[in-house]
K.L.:
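Here it is, the structure, as structure tokens.
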Amino acid sequence: MIYHNMNEVRVRFAPSPTGPLHIGGVRTALYNYLFAKKNSGTFILRIEDTDQARFVEGAEEYIMEALEWCGIIVDEGIREGGNFGPYRQSDRKAIYRQYADTLIDKGDAYYAFDTPEKLETLRRESEKAGKTFIYNAEERVSLINSVSLKEAEWREKLDKGEPYVIRYKMPYNEDIHFDDIIRGQIVVNTGTLDDKVLFKSDGMPTYHLANIVDDHLMKISHVIRGEEWLPSLPLHILLYRSFGWDPPLFAHLPLLLKPDGKGKLSKRDGDKMGFPVFPLFWPYGETSKGYREDGYYPDAFINMLALLGWNPGTEQELFSMDELINSFSIDRVGKSGSRFDPEKAKWFNHQYLQTKTNTQIAIEFREFLRARGYHGDIIRLESLIGMVKERVSFVKDIWEQSDFFFKAPEIYDQEVVKKRWKEDSSRLLMELRTLLEEATDFSVSATEPVIKAWIEKNGYNTGEIMNAFRLVIVGALRGPHIFDIISWIGKDETLKRIDAGVALLSK
RNA sequence: GGUCCAUUCGUCUAGUGGUUAGGACGUCAGGUUUUCAUCCUGUUAACAGGGGUUCGAUUCCCCUAUGGACUACCA
């Protein structure tokens, strides 16, 4: 599909370093990345830090680290360099002023001297009157700016150093037609738009100016961004027109919604329902856990995120990054917001965990054990992983499936004791103990036939014995095949647990 | 309030002017496992409502409802 006359695809992810990157932001980055790679293009990371007041220490590093963890590789950016730098807007400060001036010279922008307080008052008054204050063609003539003032007057203000902003002079009553790749054609009348500030009194451009200038200068071919930008698209189209530049193509992505109730996904939802909303742990200020720390594999996380709002049109659900790149098409991104489903996220991780080798998982689990003061020989852990791997979705869940491998039961499930511990259980287990004690080979293939033969020969009840046996070994009716367990813990430990269990339960 | 965007099972979604409206997650039920979990099989459940257009609309158009975004010298 041909999108544009530009032959090179160049896209950018342009977050503001105001805190940890939300998973919605990660998805925007991902779609940009997939689109770039699919079309042999370039993926650019541009930091939009024009708001000095909202800058948060560490956020920029967080963004880069998060993308790296996700496997999203930046082609051009602060760390990577590139021919279109700098890639941080605060480092580009000197660039923007001339473009604002160009607009003033063309008559498409003007100086405005109204104080924020004054505007705030006007807005409040309008609201009280049930109207919306819009700084537009109708209002600007009665406000303080270079449109309403005589040239000598506003020049004098400028010369005296009065604070001012530069506003875009929104056309009076014009229908602006534009296209969005995802939503098709949209028409907006400029009468409902306001004269947006392009250049702030602190000498920095606003998002709108910096964004258009940078996208043009960086030769961005496609702007793929969140739906929250759709309302300002007409302004952006107008800016391109005023500058006489060809606009890029636009695609506005639907939002990520909260799992239940209304509204978009927020940190609170994650806290409330126990799932992360950020890719990585955020250590500053109000801390937040991340998908990485929760035990998600990056490829599972990315796979899950990719399918939230996009689908390949086939029934395939599991995709490596390369497969995603191969299958991705922006035409198949949906129009409506997607509710985030934490259950499905877990399912993805389960799928990915199953594809890891026992060795890989054993190495991860050994770290987990170390933090709890247990040692794990890697060979033994591999065999343990083989027994419990398919039961879990996360490495951290292995512990609750296997704690009894590492320590004898401290308590016995009372429900089970009541139901399964019979009069003769002690006697039977002591017989069983004798057989096991005599065993020279404690492997499953050696112990299991012996025990089963013994049960059959004596006409015992298999269920009664096996349940009682499991109770003294595990402490409850759960876990893998019982002969696998005793083989793993070994003869000494097995006999000890039988003794301890019988001693306690036969009272 | 205004502007714009959206609306298929509980959730993510496929899909077509005539289909038994498909898949996945979840739910539930069986089976496997003499345990639990996994796994397998099956089940469940949807075109927001109302008008048009049409021989026929879930599909095209309009209205309503609902949801969402935006409405800053924030991005």
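Letters go in sequence order (proteins before strands), and every chain restarts at 1. For clarity, every value in this text was computed on a predicted model and none was experimentally measured.
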K.L.:
Got a list of protein N/O to nucleotides 13-15 of chain B N/O distances below 3.5 Å?
P.N.:
from	atom 1	to	atom 2	distance (Å)
B:U13	OP1	A:Gly309	N	2.9
B:U13	OP1	A:Ser338	OG	2.5
B:U13	O3'	A:Asn311	ND2	2.9
B:A14	OP1	A:Asn311	ND2	2.7
B:A14	O3'	A:Arg332	NH2	3.2
B:G15	OP1	A:Arg332	NH1	3.4
B:G15	OP1	A:Arg332	NH2	3.2

K.L.:
Check side chain to side chain donor-acceptor pair (under 3.5 Å) between A:Ser336 and all other residues, then give those that pass, not counting sequence neighbours.
P.N.:
none
K.L.:
Can you check the A:Leu193 CG to B:U3 P distance for me, whole Å?
P.N.:
12 Å
K.L.:
Using the P atom on both, measure B:C61 against B:U44 and round to a whole Å.
P.N.:
34 Å
K.L.:
Restricting to side-chain contact (heavy atoms from CB on, under 4.5 Å), what partner residues turn up for A:Glu448, sequence neighbours left out?
P.N.:
A:Val444, A:Lys452, A:His481, A:Phe483
K.L.:
What residues, two or more places apart in sequence or in another chain, satisfy side-chain contact (heavy atoms from CB on, under 4.5 Å) together with A:Asn467?
P.N.:
A:Arg420, A:Leu477
K.L.:
Please state the P separation for the pair B:C70 and B:A14 - nearest whole angstrom.
P.N.:
25 Å
K.L.:
Among A:Glu117, A:Lys118, A:Arg124, which one satisfies side chain to side chain contact (heavy atoms under 4.5 Å, CB included) with A:Glu120?
P.N.:
A:Arg124
K.L.:
Between protein and nucleotides 62-68 of chain B, what N or O pairs are separated by less than 3.5 Å?
P.N.:
from	atom 1	to	atom 2	distance (Å)
B:G67	OP1	A:Lys262	NZ	2.8
B:G68	OP1	A:Gly263	N	3.3

K.L.:
Count the heavy atoms belonging to other residues, nucleotides or ligands that lie under 6.0 Å from CZ of A:Phe55, then report whether that count exceeds 12.
P.N.:
yes
K.L.:
Between C1' on B:G1 and NZ on A:Lys131, what's the gap in Å once rounded to a whole number?
P.N.:
12 Å
K.L.:
Rounded to whole angstrom, note down the C1' distance from B:U58 over to B:G49.
P.N.:
14 Å
K.L.:
Nearest of B:C25, B:U35, B:C4 to any side-chain atom of A:Arg470?
P.N.:
B:U35
K.L.:
Pick the P atom in B:A46 and in B:C40, then give their distance to the nearest Å.
P.N.:
26 Å
K.L.:
Partner of B:A72 by Watson-Crick or G-U wobble geometry, both contacts under 3.5 Å, or none?
P.N.:
none
K.L.:
Please report the closest heavy-atom contact between A:Asp269 and A:Phe275, naming both atoms and the distance.
P.N.:
O-CE2, 3.8 Å
K.L.:
Taking the cut-offs as 6.0 angstrom to the six-membered ring centre and 45 degrees off its axis, would you call A:Lys356 and A:Tyr297 a cation-pi pair?
P.N.:
yes
K.L.:
Roughly how many Å apart are B:G18 and B:C25, using the C1' atom of each and rounding to a whole number?
P.N.:
32 Å
K.L.:
When rounded to the nearest Å, what value does the distance between P atoms of B:G26 and B:U41 take?
P.N.:
14 Å
K.L.:
What are the two closest non-hydrogen atoms of A:Tyr291 and A:Pro276, and how far apart are they?
P.N.:
OH-O, 2.7 Å
K.L.:
So, using side-chain contact (heavy atoms from CB on, under 4.5 Å) as the criterion, who are the partners of A:Asp179 when residues are at least two apart?
P.N.:
A:Gln185
K.L.:
Quick one: closest heavy-atom pair of A:Tyr110 and A:Val147, and the distance?
P.N.:
CG-CG2, 3.6 Å
K.L.:
Using the P atom as the point on both nucleotides, what is the distance between B:C9 and B:A45, in whole Å?
P.N.:
14 Å
K.L.:
Can you name the residues that form a salt bridge (Lys or Arg N to Asp or Glu O under 4.0 Å) with A:Glu431, not counting sequence neighbours?
P.N.:
A:Arg427
K.L.:
To the nearest Å, how far apart are A:Lys419 NZ and B:U35 C1'?
P.N.:
11 Å
K.L.:
What is the distance from CG of A:Leu256 to P of B:A69, rounded to the nearest Å?
P.N.:
13 Å
K.L.:
Is there a salt bridge (charged side-chain N to carboxylate O under 4.0 Å, His left out) between A:Glu48 and A:Arg88? Walk through the geometry before answering.
P.N.:
CA-CA 6 Å; A:Glu48 307 219 326; A:Arg88 187 190 285 119; over 6 Å; no
K.L.:
Choose from B:C4, B:A24, B:U3 the nucleotide whose nearest atom is closest to any side-chain atom of A:Glu317.
P.N.:
B:A24
K.L.:
Check each residue of residues 406-418 of chain A for a non-hydrogen atom within less than 4.0 Å of any atom in RNA chain B, then write out the ones that pass by number, or none.
P.N.:
none
K.L.:
Using the 3.5 Å cut-off, write out each protein N or O paired with an N or O of nucleotides 28-33 of chain B and the distance between them.
P.N.:
none

K.L.:
How about A:Lys396: does its NZ atom have over 12 heavy atoms from other parts shown lying under 6.0 Å from it?
P.N.:
yes
K.L.:
Could you check whether atom CD of A:Glu127 has more than 12 heavy atoms from other residues, nucleotides or ligands sitting under 6.0 Å from it?
P.N.:
no
K.L.:
With a 4.0 Å cutoff (strictly under), does any side-chain N or O of A:His350 reach OP1 or OP2 of B:A37?
P.N.:
no
K.L.:
Between B:A24 atom C1' and A:Leu318 atom CG, what is the distance in whole Å?
P.N.:
11 Å
K.L.:
What's the NZ-C1' distance between A:Lys258 and B:C12, to the nearest Å?
P.N.:
19 Å
K.L.:
According to the interplanar angle, ranging from 0 to 90°, do the rings of A:Phe319 and A:Trp310 count as parallel (below 30°), tilted (30 to 60°) or perpendicular (above 60°)?
P.N.:
perpendicular
K.L.:
Closer than 4.0 angstrom, basic N to acidic O: yes or no for A:Asp403 and A:Arg478?
P.N.:
yes
K.L.:
Are A:Ser288 and A:Lys267 close enough that some pair of their side-chain heavy atoms sits under 4.5 Å apart?
P.N.:
yes
K.L.:
Looking at A:Glu227 and A:Arg183, is there a salt bridge between them, counting it only when a charged N and a carboxylate O are closer than 4.0 Å?
P.N.:
yes
K.L.:
Using the C1' atoms only, state how far B:C55 lies from B:G17, rounded to an integer number of Å.
P.N.:
11 Å
K.L.:
Identify, with sequence neighbours excluded, every residue that meets side-chain contact (heavy atoms from CB on, under 4.5 Å) alongside A:Ala408.
P.N.:
A:Glu493, A:Arg497
K.L.:
Output the residues of residues 389-405 of chain A in contact with RNA chain B, where contact means a heavy atom of the residue under 4.0 Å from an atom of the strand; sort by number or write none.
P.N.:
A:Glu390, A:Arg391
K.L.:
Scan nucleotides 72-75 of chain B against the protein and return all N/O pairs shorter than 3.5 Å with their distances rounded to 0.1 Å.
P.N.:
from	atom 1	to	atom 2	distance (Å)
B:A72	OP2	A:Arg123	NE	3.2
B:C73	OP2	A:Arg167	NH2	3.4
B:C73	O2	A:Ser201	N	2.8
B:C73	O2	A:Ser201	OG	2.7
B:C73	N3	A:Ser201	OG	3.0
B:C73	N4	A:Asp114	O	3.4
B:C74	OP2	A:Lys200	NZ	3.0
B:C74	O2'	A:Asp51	OD2	3.0
B:C74	O2'	A:Arg54	NE	3.1
B:C74	O2'	A:Arg54	NH2	3.3
B:C74	O2	A:Arg54	NH2	3.2
B:A75	OP1	A:Thr50	OG1	2.8
B:A75	OP1	A:Lys200	NZ	2.8
B:A75	OP2	A:Tyr207	N	3.3
B:A75	O3'	A:Ser16	OG	2.9
B:A75	O3'	A:Glu48	OE1	3.2
B:A75	O2'	A:Ser16	OG	2.5

K.L.:
Measure from NZ or CZ of A:Arg225 to the centre of the six-membered ring of A:Phe250 and say whether it is under 6.0 Å with the direction within 45° of the ring axis.
P.N.:
no
